Amino acid sequence: MKTFDARLIANYPVNERYWQMTLDVSARDTPARPGQFFHIRCGDAWKNPLRRPLSVYNYDDELRQLEFLYLIKGSGTEQMTRMKKGDSLNLIGPLGHGFTLPDQGPLLLAARGVGVATLHALARQARAEKRGVHVIISARTPGDLLTVEALNQIGAVVHTVTDQEGTSSTASVRILSEQLIRKEKMAAIYTCGSRRLSKLVQELAVIYHLKGELATEAHMACGIGDCYACACTVCNDNQLKTVRVCTDGPVFPIRQVVLS
Ligand SMILES: Cc1cc2nc3c(=O)[nH]c(=O)nc-3n(C[C@H](O)[C@H](O)[C@H](O)COP(=O)(O)OP(=O)(O)OC[C@H]3O[C@@H](n4cnc5c(N)ncnc54)[C@H](O)[C@@H]3O)c2cc1C
Ligand code: FES
């Protein structure tokens with residue numbers, strides 16, 4: 001796995017807490033799959049020696065452009081917001097295992113907060129394959145709902161729920177999800193961004209015999225399997241196993257993920 005430099009084409013706020021970044025990755029010819037991530041050096045390597053992982057939000061194979069959607073969380077992502085068009089960013093990637101799709105049938109995606117950045121790339125791929133895609137986006141406030149317009153534009157059906165409007169409880173999202181699973185005859189369900197949502201999706205995948213995958217998040221250091229900072233537990237064939245999110249994930253079959 002090589003590090004490489006990419007030139008910044010755009011970096012701008014999409015609302016108060018989230019930014020979007022576009023990079024020219026024409027120097028690289030490795031395509032990035034939905035669910036994979038890049039490990040990014042954020043500005044000053046002395047101030048922030050650890051890279052930060054960001055999922056592929058969009059990868060345009062023709063233009064060779066890579067996009068990230070990111071939440072300003074701490075010093076690393078704050079430093080990212082200071083980068084300007086023409087600046088160079090150092091990345092490692094694409095890393096990890098991305099999503100897998102069933103042979104046919106519509107998909108239900110359920111994302112909370114910036115988890116929609118990860119699922120957005122999957123929605124694009126599925127729509128490019130002319131599959132039906134429904135996306136449930138959950139957020140604290142209507143102002144925090146991300147990518148709704150972009151998803152509508154590619155023909156995904158978007159359902160928004162928010163804490164502020166009192167529509168994002170597990171019970172409400174369960175009713176909505178079950179209606180969609182039955183009505184649309186969903187073949188698979190995917191989630192990212194919330195433990196509560198992950199538990200619900202895990203239950204629904206079992207009850208309705210759906211293929212299900214979860215894009216997990218973990219604190220990472222090396223990002224390439226050397227340090228075990230990102231270790232988590234999965235259960236496969238009744239056997240508990242320690243895995244690394246960066247190399248064994250970040251996408252896992254949802255039935256295998258141990259959610260406390
Ligand atoms: C696979 C993956 C994909 C992601 N995709 C996205 C995305 O598309 N968009 C998005 O907004 N966010 C995404 N995230 C989350 C994003 O990486 C974090 O929000 C970001 O790293 C925060 O960095 P910060 O410096 O702004 O915040 P801070 O919280 O100030 O710093 C985080 C730094 O501290 C380290 N750290 C903190 N606590 C620990 C600990 N207990 N053990 C080890 N290290 C620790 C982290 O490794 C990291 O280097 C993703 C995370 C993962 C794992
Ligand atoms: S971050 Fe080092 S092993 Fe995953």
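Values below: every heavy atom of this structure, side chains too, minus hydrogens, waters and symmetry copies. One-based numbering, in listed order, for ligands and for the atoms of each. Note that this is a predicted model, so its numbers are computed, not measured.
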* To do: Verify side-chain contact (heavy atoms from CB on, under 4.5 Å) between Cys192 and Leu214, making sure each step is shown before the conclusion.
  => CA-CA 6 Å; Cys192 183; Leu214 164 69; 5.5 Å; no
* Asked: What orientation do His159 and His134 show, parallel under 30°, tilted 30 to 60°, or perpendicular over 60°?
  -> parallel
Residue and atom name of the nearest protein heavy atom (relative to [atom]), distance in Å to one decimal:
atom                    : result
atom 52 (C) of ligand 1 : Pro53 CG, 3.7 Å
atom 12 (N) of ligand 1 : Leu54 CD2, 3.6 Å
atom 4 (Fe) of ligand 2 : Cys230 SG, 2.2 Å
atom 46 (C) of ligand 1 : His219 ND1, 3.8 Å
atom 15 (C) of ligand 1 : Glu217 OE1, 3.8 Å
atom 28 (P) of ligand 1 : Gly74 CA, 3.9 Å
atom 49 (O) of ligand 1 : Arg52 NH1, 3.0 Å
atom 19 (O) of ligand 1 : Lys73 CD, 3.4 Å

Side-chain ion pair, [X] and [Y], N-O less than 4.0 Å:
X      : Y      : result
Glu178 : Arg174 : yes
Asp24  : Arg7   : yes
Asp5   : Arg41  : no

Under 4.0 Å to a heavy atom of [X] - the qualifying atoms of ligand 1, by number:
X      : result
Tyr70  : 9 (N), 10 (C), 11 (O)
Ser55  : 3 (C), 4 (C), 5 (N), 6 (C), 7 (C), 8 (O)
Leu50  : 49 (O)
Thr77  : 24 (P), 25 (O), 26 (O)
Ala218 : 53 (C)
Val114 : 9 (N), 10 (C), 11 (O)
Leu71  : 10 (C), 11 (O)

* Asked: Is the closest heavy-atom distance from Ala229 to ligand 1 below 4.0 Å?
  -> no
* For Ser75 and ligand 1, answer yes if some heavy atom of the residue is under 4.0 Å from a ligand atom, otherwise no. => yes
* Asked: Are Ile136 and Ile181 connected, step by step, through hydrophobic side chains (Ile, Leu, Val, Met, Phe, Trp, Tyr) whose heavy atoms are closer than 4.5 Å?
  -> yes
* Decide yes or no on side-chain contact (heavy atoms from CB on, under 4.5 Å) for Glu213 and Ile189, but give the supporting numbers first. => CA-CA 7 Å; Glu213 290 183 340; Ile189 186 164; over 6 Å; no
* Of the side chain and backbone of Leu69, name the one, both, or neither that has a heavy atom under 4.0 Å from an atom of ligand 1. => backbone
* Which atom names give the shortest non-hydrogen contact between Leu119 and Phe99, and what distance separates them? -> CD2-CZ, 3.6 Å
* Asked: How close do Leu145 and Ile137 get, heavy atom to heavy atom, and via which atoms?
  -> CD2-O, 3.6 Å
* To do: Look at the N, O or S atoms of Cys222, main chain and side chain alike, and state whether any lies under 2.8 Å from atom 2 (Fe) of ligand 2.
  => yes
* From atom 2 (Fe) of ligand 2 out to just under 2.8 Å, does an N/O/S atom of Cys246 turn up? -> no
When you measure from the side chain of [X] to the backbone N and O of [Y], does any donor-acceptor pair fall under 3.5 Å?
X      : Y      : value
Ser177 : Val173 : yes
Glu67  : Tyr59  : no
Asp248 : Arg244 : yes
His97  : Cys246 : no

* Candidate pair Leu95 and Gln36, rule side-chain contact (heavy atoms from CB on, under 4.5 Å), full reasoning -> CA-CA 6 Å; Leu95 295 168; Gln36 289 189 300; over 6 Å; no
* So is Met220 polar-close to ligand 1, meaning N/O to N/O under 3.5 Å? -> yes
For [X], atoms of ligand 2 separated by under 4.0 Å from a heavy atom:
X      : value
Tyr228 : 2 (Fe), 3 (S)
Asp226 : 3 (S)
Gly223 : 1 (S), 2 (Fe)

* Start with the C-alpha gap between Cys222 and Tyr228, add the side-chain angles, then the distance that decides, and say whether side-chain contact (heavy atoms from CB on, under 4.5 Å) holds. => CA-CA 8 Å; Cys222 73; Tyr228 277 77; over 6 Å; no
* To do: Show your reasoning for whether side chain to side chain donor-acceptor pair (under 3.5 Å) applies to Arg182 and Tyr208.
  => CA-CA 9 Å; Arg182 290 201 193 103; Tyr208 291 95; 3.0 Å; yes
* Asked: Can you check whether a protein heavy atom sits less than 4.0 angstrom from atom 34 (O) of ligand 1?
  -> no
* Val245, portion touching ligand 2 at heavy-atom distance under 4.0 Å -> neither
* Asked: Between Ala221 and ligand 2, which part of the residue brings a heavy atom under 4.0 Å of the ligand: side chain, backbone, both or neither?
  -> backbone
